[in-house]
J.: 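If you scroll down you'll find the structure; I have some questions about it.
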Amino acid sequence: MLNSEQQALKPILKELLYEILTQEQDLLKDLIHEVIEDMAMANAIKEGIDSENVSREEIFSLLEE
């Protein structure tokens, strides 16, 4: 059950969320973009943990191709 402070904050939070969704769309898009990038990086790190190590020279030779 929500206490009185939580009850008072609930409409404020709803209004803030509505404002972000309607007026601050660029901010929301940037936030979503950052979250997706972080998830992709976490997945890449997880996949890389069990893979074979590669030398720096091998990586740069592939990037130069």
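Numbering starts at 1 and runs along the sequence shown. In this text, all values refer to a predicted model and were calculated from it rather than measured experimentally.
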J.: Are Leu28 and Leu17 connected in a single hydrophobic cluster, I mean Ile/Leu/Val/Met/Phe/Trp/Tyr linked by side-chain heavy atoms less than 4.5 Å apart?
T.: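 Linked, Leu17 and Leu28 end up in one cluster.
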
J.: Restricting to pairs with a member in residues 13-26, which pass side-chain hydrogen bond (donor to acceptor under 3.5 Å, both in side chains), not counting sequence neighbours?
T.: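 Not a single pair qualifies under side-chain hydrogen bond (donor to acceptor under 3.5 Å, both in side chains).
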
J.: Under 6.0 Å from the CD atom of Glu34, do we count more than 12 heavy atoms belonging to anything else shown?
T.: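 Atom CD in Glu34 is crowded, with more than 12 foreign heavy atoms closer than 6.0 Å.
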
J.: Keeping Glu47 on the side-chain end and Ala44 on the backbone end, is there a donor-acceptor pair under 3.5 Å?
T.: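 No: the side chain of Glu47 does not pair with the backbone of Ala44.
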
J.: Can you tell me how far apart CG (Asn43) and CG (Asp38) are? Round to the nearest 0.5 Å.
T.: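 Answer rounded to 0.5 Å: 11.0 Å.
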
J.: With rounding to the nearest 0.5 Å, note down the distance linking CG in Leu31 to CD1 in Ile20.
T.: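 One finds 9.0 Å between CG of Leu31 and CD1 of Ile20.
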
J.: Testing Asp30, Val35, Ile36 for side-chain contact (heavy atoms from CB on, under 4.5 Å) with Ile32, which one passes?
T.: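 Of the listed residues Asp30, Val35, Ile36, the side-chain contact (heavy atoms from CB on, under 4.5 Å) partner of Ile32 is Ile36.
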
J.: Could you give the side-chain donor-acceptor pairs of residues 49-61 under 3.5 Å, partners two or more places apart or in another chain?
T.:
{"unit_1": "Ser51", "atom_1": "OG", "unit_2": "Gly48", "atom_2": "O", "d": "3.0"}
{"unit_1": "Ser55", "atom_1": "OG", "unit_2": "Glu58", "atom_2": "N", "d": "3.2"}
{"unit_1": "Ser55", "atom_1": "OG", "unit_2": "Glu58", "atom_2": "OE2", "d": "3.2"}
{"unit_1": "Glu58", "atom_1": "OE2", "unit_2": "Ser55", "atom_2": "N", "d": "3.1"}
{"unit_1": "Ser61", "atom_1": "OG", "unit_2": "Glu57", "atom_2": "O", "d": "3.4"}
{"unit_1": "Ser61", "atom_1": "OG", "unit_2": "Glu58", "atom_2": "O", "d": "2.8"}

